[in-house]
2 protein chains.
Amino acid sequence: MPPRAPLALTTDVVPFAIRAERLEVLLARHSTGWRLPGGPIEPGEDLDAAARRYLMEQTGLRDVYLEQLYTFGQPDRDPGQRAVAVAYYALVPAGSLPVDAAPAVDRPGWVGVDALPALALDHGEIVALAHRRLAAKLAYSTIALQLMPERFTLSELQAVHETILGEPLDKRNFRKRILALDCIEMTGEMARRGGHRPARLYRAKRPGQVDFIK
Amino acid sequence: MPPRAPLALTTDVVPFAIRAERLEVLLARHSTGWRLPGGPIEPGEDLDAAARRYLMEQTGLRDVYLEQLYTFGQPDRDPGQRAVAVAYYALVPAGSLPVDAAPAVDRPGWVGVDALPALALDHGEIVALAHRRLAAKLAYSTIALQLMPERFTLSELQAVHETILGEPLDKRNFRKRILALDCIEMTGEMARRGGHRPARLYRAKRPGQVDFIK
DNA sequence: TGCAATAGTGTGAAGTTGACACTAACATAA
DNA sequence: TTATGTTAGTGTCAACTTCACACTATTGCA
């Protein structure tokens, strides 16, 4: 066999979550700064499985929604070697966030997409593409439910949409539209948080499943 | 350095064209049958460039619309080796089709997507996914223009849509919608073909560019 | 008990979509 | 030259969807 040119095939994952009314990304430490969680695909390992594994190993996140985004292969994207990255994005429900009250150096950290530090390689572009894709999918799928905890209020769901789109939505129209989709149902329970009228708690009818609309 | 596990990173391309009112795919010869055009990515070669190169080398097609589709990496998709394929699809305008009046053995051949022979590996699934993506994009982009020759009639454009979607469309509504998109313009010329009223010839306002709608 | 804060609810106007049928212009053959 | 076959080209109305818009309800707390 001829000598094989060095080629690094990796997966990189953009883990999204809504935290404090912001869309944030969970970043891993890099020698000199930040990068997306990810790494080389092992022989015999499925691409999706590799993405899940790195997410687990580097951030502790598991059982999240994961979708292939795009494959980046510019020859000069990594100055050190020929690196091809199969990029994914993950949606982390608000309930399952690892609490990092005091984010240590060396630990992954959540950062708002609108205030990203410089990232390794082309990871900044990957995040930007993932954000665009996510925003587009809000319009024609029930994907936003993957960012919600098991039980949530309609106001919370609306806030998630608004945060991702970066624009306010009309409350009545939003509720009408969502309920017409027949993708969520009332639990009968109420959320009493704060000094005001309690809100009904809803849950996804088909958790884990993303339906297309229309 | 540790011995590197053998990994084949390839591109495969689904070249679509409309021929004789059918959506067809251009296939290449494979030892025992048919496969999609494609092959291993060279060191230092961009992914898109590799897809274009194989399309040129194996089918003679150049200057076509090309878009990344999905990356396939099931460990068992190729029984012979670990093979990861970055799949693309290409849209070939009706005018630029290589004429293969007598398709030789050993030459690529156009085949209707609804009558595909057995293909190598998972290439059948790749074609199916590409077809779904193309059909979906008709609804929210001007991508169908990439399948048209430089000048074309509205009836021809409608036939292309109908062929890809597999369902008839209303003539008046179709024309209204397309013209409202402001993506094509009259050339002033007429197509006189056959014993009937000639049709106006249109051309794309921004050839090569695919606009999103709405 | 009143104030602050969020939950929850309906209508009408504007715009979009979808169904539908006839006349126009040409080539060809009788 | 006329009749016939074939495709091109055109508008309206009803149904539906989208969008803008403001008030009452329920709670905790001061």
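To find a chain, count down the sequence lines: A is the first, B the second, and so on, and within it residues start at 1.
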Letter by letter from the 5' end, nucleotides 12-19 of chain D scores (B base, S sugar-phosphate only, - none; protein heavy atoms under 4.0 Å) B-----SB

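Following rounding to the nearest Å, B:Ile178 (CD1) and C:dT17 (P) show an atom-to-atom distance of 12 Å. In this structure, CZ of B:Phe174 is placed 13 Å from P of D:dG9, rounded to the nearest angstrom. For the pair A:Lys171 NZ and D:dC23 P, the computed distance is 14 Å after rounding to whole Å. One atom, CD of A:Glu156, and another, P of C:dA7, lie 8 Å apart when rounded to the nearest Å. The distance between atom CG of B:Leu179 and atom P of C:dT17, rounded to the nearest whole Å, is 15 Å. One interatomic measurement links the two molecules: CE of B:Met190 to C1' of C:dA25, which rounds to 8 Å at whole-angstrom precision. A:Gln158 has its CD atom 13 Å from the P atom of C:dT6, to the nearest Å. Put simply, CG on B:Leu181 is 14 Å from C1' on C:dT16, counting in whole angstrom units.
Taking the side chain as every heavy atom from C-beta outward, B:Val25 and B:Leu36 approach each other to under 4.5 Å.
Within the structure, side-chain hydrogen bond (donor to acceptor under 3.5 Å, both in side chains) contacts touching residues 172-181 of chain B (residues at least two apart or in different chains) are B:Asp170-B:Asn173, B:Asn173-B:Lys176.
Legend: residues meeting side chain to side chain contact (heavy atoms under 4.5 Å, CB included) with B:Asp63, ordered by chain and number and at least two apart, are absent. The salt bridge (charged side-chain N to carboxylate O under 4.0 Å, His left out) test applied to A:Arg22 returns A:Glu24, not counting sequence neighbours.
The 5' end of DNA chain D is approached more closely, in terms of each residue's nearest nucleotide, by B:Ser155 than by the other of B:Ser155 and B:Asp170.
Rounding to the nearest 0.5 Å places CG of A:Leu121 at 12.0 Å from CD of A:Gln74.
Remark: side-chain polar atoms of A:Arg133 are paired, donor with acceptor, to backbone N or O of A:Leu69 under 3.5 angstrom.
Scanning residues 192-204 of chain A for heavy-atom distances under 4.0 Å to DNA chain C yields A:Gly195, A:His196, A:Arg197, A:Pro198, A:Ala199, A:Arg200.
The aromatic rings of A:Tyr140 and B:Tyr140 sit parallel, their planes meeting at an angle under 30°, below the 60° perpendicular limit.
Nearest nucleotide to the side chain of B:Arg175, out of C:dA21, D:dG9, C:dT9: D:dG9.
In this structure, a donor-acceptor pair under 3.5 Å is present between the side chains of B:Tyr88 and B:Asp48.
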Donor-acceptor list for residues 192-202 of chain A side chains, cut-off 3.5 Å, not counting sequence neighbours:
unit_1	atom_1	unit_2	atom_2	d
A:Arg193	NH1	A:Glu156	OE2	2.1
A:His196	NE2	A:Arg193	O	2.6

